[in-house]
Amino acid sequence: MPKVELHISALPINVRTARLVAAALGRRMGLDAYVIDEVKLAVGEACSRAVSVHRSESVDQPIIVQFRDDSDVLEISVHDCGPAGALLPAYGEGAADGSVGGDAVAEEAANLLEAATNSAQEPADLERAVDVSSLAPRLGLAMIAGLVDDLSVEDRAHSEVPGGTVVTMRWPIAAV
């Protein structure tokens with residue numbers, strides 16, 4: 001399984017670099033143009049979330065983006081080095097290893113937005129009810145869940161190397 005690892009500093013401009021690498025890998029694998037667009041969007045959202053974590057927590061370490069492919073799966077993981085689980089929805093109970101699937105991410109983000117919308121009587125109330133700085137990354141995860149066939153979000157508090165969060169996205173590769 002070929003693997004490429006990209007280390008980027010937590011600057012919004014570097015999200016573009018990760019998207020370009022994802023697109024190049026998708027083209028090399030022979031993915032359809034619409035799938036490449038979905039991969040680029042999902043990688044952009046995952047990297048933007050990691051940039052938000054690093055900037056809000058003043059983290060100096062780089063964000064790590066790993067690209068893996070084999071004959072039937074494209075896997076892209078985005079590792080942030082912030083506090084474990086930073087800017088993630090409160091899932092309730094996840095797996096024993098701290099990982100949560102894409103459905104839980106999407107459901108929690110939708111619930112947060114719905115609760116804020118229902119409590120607001122006027123647009124100004126909505127702005128006060130929603131902490132945009134924490135909601136945007138959560139909605140980004142919900143968007144990723146809609147684009148990715150297999151999504152997992154791992155809170156690394158439960159891993160051998162604690163700290164941070166890993167967003168792993170997998171797309172099956174159709175046989176040509």
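Arg170 pairs by the salt bridge (charged side-chain N to carboxylate O under 4.0 Å, His left out) definition with Glu75, Asp150, not counting sequence neighbours. Residues that satisfy the side-chain hydrogen bond (donor to acceptor under 3.5 Å, both in side chains) test with Ser77, not counting sequence neighbours, are Thr168. Residues satisfying the side-chain contact (heavy atoms from CB on, under 4.5 Å) criterion with Ala50, sequence neighbours excluded, are Ile63, Val78, Asp80. Partners of Asp37 according to the salt bridge (charged side-chain N to carboxylate O under 4.0 Å, His left out) rule, which considers only residues two or more places apart in sequence or in another chain, do not exist here. Under the rule for a side-chain hydrogen bond (donor to acceptor under 3.5 Å, both in side chains), the partners of His79 that lie at least two apart in sequence or sit in another chain are Gln66. Qualifying side-chain contact (heavy atoms from CB on, under 4.5 Å) partners for Asp60, counting only residues two or more places apart in sequence or in other chains: none. For Val59, the side-chain contact (heavy atoms from CB on, under 4.5 Å) partners are His54, Glu57, Gln61, Cys81, not counting sequence neighbours.
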Side-chain donor-acceptor contacts of residues 7-17 below 3.5 Å, not counting sequence neighbours, with atom names and distances?
unit_1, atom_1, unit_2, atom_2, d
His7, NE2, Glu5, OE2, 2.8
Ser9, OG, Asn14, ND2, 2.8
Asn14, ND2, Ser9, O, 3.1

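Summarising the geometry of Pro172 relative to Asp149, their closest heavy-atom pair is CD-OD2, 2.9 Å, with the distance given to 0.1 Å. Here the closest non-hydrogen pair linking Val167 and Ala46 is CG1-CB, 4.2 Å.
The CZ atom of Phe67 lies 12.0 Å from the CE atom of Met29; values are rounded to the nearest 0.5 Å. In this structure, the separation between CZ on Arg49 and CD1 on Ile144 is 8.5 Å, given to the nearest 0.5 Å. To the nearest 0.5 Å, atoms CG (Asp72) and CH2 (Trp171) are separated by 15.0 Å.
Note: the hydrophobic cluster containing Val73 does not contain Val166 (ILVMFWY, side chain heavy atoms under 4.5 Å, direct or indirect links). Under the 4.5 Å side-chain contact rule for hydrophobic residues, Leu74 and Leu147 share a cluster. Under the 4.5 Å side-chain heavy-atom criterion for ILVMFWY residues, no single connected hydrophobic cluster contains both Val43 and Ile64. Side-chain heavy atoms closer than 4.5 Å link hydrophobic residues (I, L, V, M, F, W, Y) into clusters, and following such links, even through other members, never connects Leu20 to Val4.
Applying the side chain to side chain donor-acceptor pair (under 3.5 Å) test to residues at least two apart or on different chains, the pairs with a partner in residues 18-35 are Arg28-Asp69.
Inter-residue side-chain proximity for Val53 and Thr165 is flagged as unmet; no heavy-atom pair is nearer than 4.5 Å.
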